[in-house]
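Please read the structure below before turning to the comments.
Residue numbers count from 1 along this sequence. Please read these numbers as outputs of a predicted model, since none were measured by experiment.
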Amino acid sequence: PEIDLLYLGHNPATFLEVNDAVRENYFEHIKWLKNLSLEYPNLIIYFKHHDYRLRHTNNKGKVVSRSKGFNNLFNKYDLIFAEEQKILHNTNIITETESATKNGSYAYVDRSKVVCSFGSTMVLEAIGHGKQSFFLDPDFGNSAFFQNYEDYKSLRISNYNDFKNTILQSIKNYEVNKIKDTDKYC
């Protein structure tokens with residue numbers, strides 16, 4: 001695989017409006033990605049968004065001009081995207097908003113050693129394909145996605161140090177750590 005860590009975005013929704021804590025947790029875990037990138041600049045980290053964010057990209061799907069800000073913000077989801085990019089500025093994280101293949105985000109999962117997300121169900125699908133995959137959930141406070149899903153607690157990472165250690169170990173041992181019992185997920 002050519003991607004060490006793949007972060008999967010999710011469909012825009014009102015989940016960030018559930019309460020202030022969910023919103024704070026969302027942006028906190030984006031800071032984890034930033035910190036990991038800054039501490040380990042040789043890691044290849046991709047942030048794969050859904051293709052709906054095309055208006056902020058060049059023809060290859062890479063985010064354009066995040067240092068100059070965004071002058072064409074149309075809705076509240078664009079503001080979330082702009083805030084993410086502000087946090088990730090000056091990192092080596094590659095934000096992709098256009099899928100390079102007809103298989104979309106699944107091709108990125110296939111090319112990755114480890115997968116994570118705040119709430120994308122593709123984490124479970126990636127496990128179903130044998131990939132080490134995790135939900136990033138600061139202080140286990142993501143009530144928008146996990147309030148009634150205690151079964152997934154073992155897949156949730158609640159603090160930066162655990163995130164860093166889990167991801168680095170998973171990248172280092174990705175061949176050995178492939179999920180074998182995939183049937184219980186997808």
Side-chain angles (χ1 to χ4, degrees), residues 3-37 45-54 56 63 75-88 91 93-99 103-167 170 179 182 184-186:
I3 300 170
D4 292 315
L5 175 62
L6 174 65
Y7 176 84
L8 293 165
H10 27 74
N11 290 317
T14 57
F15 74 88
L16 288 180
E17 298 167 0
V18 170
N19 59 49
D20 289 340
V22 171
R23 185 178 181 81
E24 289 170 18
N25 280 355
Y26 180 77
F27 289 113
E28 176 63 24
H29 93 283
I30 299 294
K31 293 173 188 171
W32 293 0
L33 295 169
K34 174 185 179 174
N35 293 340
L36 186 70
S37 171
I45 303 173
Y46 272 63
F47 189 129
K48 177 62 181 91
H49 264 296
H50 290 271
D51 292 350
Y52 74 91
R53 301 228 192 248
L54 294 178
H56 299 300
V63 170
N75 62 46
K76 60 187 170 186
Y77 306 121
D78 291 337
L79 295 173
I80 294 166
F81 179 74
E83 183 64 24
E84 291 167 355
Q85 294 308 302
K86 181 179 171 186
I87 292 168
L88 298 176
T91 68
I93 296 173
I94 300 164
T95 301
E96 293 270 2
T97 61
E98 182 177 8
S99 296
N103 294 329
S105 297
Y106 296 99
Y108 289 83
V109 169
D110 191 51
R111 294 172 26 215
S112 302
K113 294 177 184 172
V114 184
V115 176
C116 66
S117 181
F118 187 70
S120 174
T121 57
M122 283 191 67
V123 165
L124 301 175
E125 293 176 71
I127 291 171
H129 289 277
K131 297 283 182 176
Q132 287 284 310
S133 304
F134 306 95
F135 292 107
L136 305 185
D137 185 9
D139 297 322
F140 293 122
N142 185 351
S143 61
F145 292 106
F146 300 112
Q147 189 168 3
N148 298 313
Y149 295 101
E150 285 299 313
D151 291 346
Y152 297 136
K153 195 156 190 175
S154 66
L155 303 175
R156 295 160 61 195
I157 299 174
S158 66
N159 66 69
Y160 177 72
N161 284 330
D162 287 349
F163 166 66
K164 178 175 70 173
N165 294 333
T166 300
I167 296 305
S170 296
I179 306 292
T182 60
K184 76 179 204 177
Y185 292 98
C186 288

- prompt: Can you tell me if Y160 and E28 form a side-chain donor-acceptor pair at under 3.5 Å?
  reply: no
message: Minimum heavy-atom separation for G9 and S120, please, with both atom names.
response: O-CB, 3.7 Å
From I157 atom CD1 to T166 atom OG1, the distance as rounded to the nearest 0.5 Å: 4.5 Å
- request: Test M122 against S105 for side-chain contact (heavy atoms from CB on, under 4.5 Å), laying out the working first.
  value: CA-CA 9 Å; M122 283 191 67; S105 297; 3.7 Å; yes
- request: Can you measure from CD1 (I127) to NE2 (H129) and round to the nearest 0.5 angstrom?
  value: 11.5 Å
statement: Minimal heavy-atom distance between V123 and C116, with the atoms involved, is CG2-C, 4.1 Å
query: Hey, what's the ring geometry for H29 with Y7, parallel, tilted or perpendicular (30° and 60° as the breaks)?
result: tilted
- request: Start with the C-alpha gap between D110 and Y106, add the side-chain angles, then the distance that decides, and say whether side-chain contact (heavy atoms from CB on, under 4.5 Å) holds.
  value: CA-CA 6 Å; D110 191 51; Y106 296 99; over 6 Å; no
Note, L33 side chain near L5 side chain (heavy atom, < 4.5 Å): yes
OG-CG distance between S112 and D4, expressed to the nearest 0.5 angstrom: 9.0 Å
message: Between K164 and W32, is the side-chain contact (heavy atoms from CB on, under 4.5 Å) condition met? List the steps.
response: CA-CA 8 Å; K164 178 175 70 173; W32 293 0; over 6 Å; no
query: Is the count of non-hydrogen atoms from other residues, nucleotides or ligands lying under 6.0 Å from N165 atom CG greater than 12?
result: yes
- prompt: Any idea which heavy atoms bring K113 and K131 closest together, and the distance?
  reply: O-CD, 4.3 Å
message: Nearest 0.5 angstrom please: F118 CZ to L8 CG, how far?
response: 14.0 Å
task: Drop me the distance from I93's CD1 to I45's CD1, to the nearest 0.5 angstrom.
output: 5.0 Å
message: With rounding to the nearest 0.5 angstrom, report the CG to CG distance, N159 to L136.
response: 11.0 Å
task: For residues R156 and D137, report the shortest heavy-atom separation together with the two atoms involved.
output: NH2-OD2, 2.6 Å
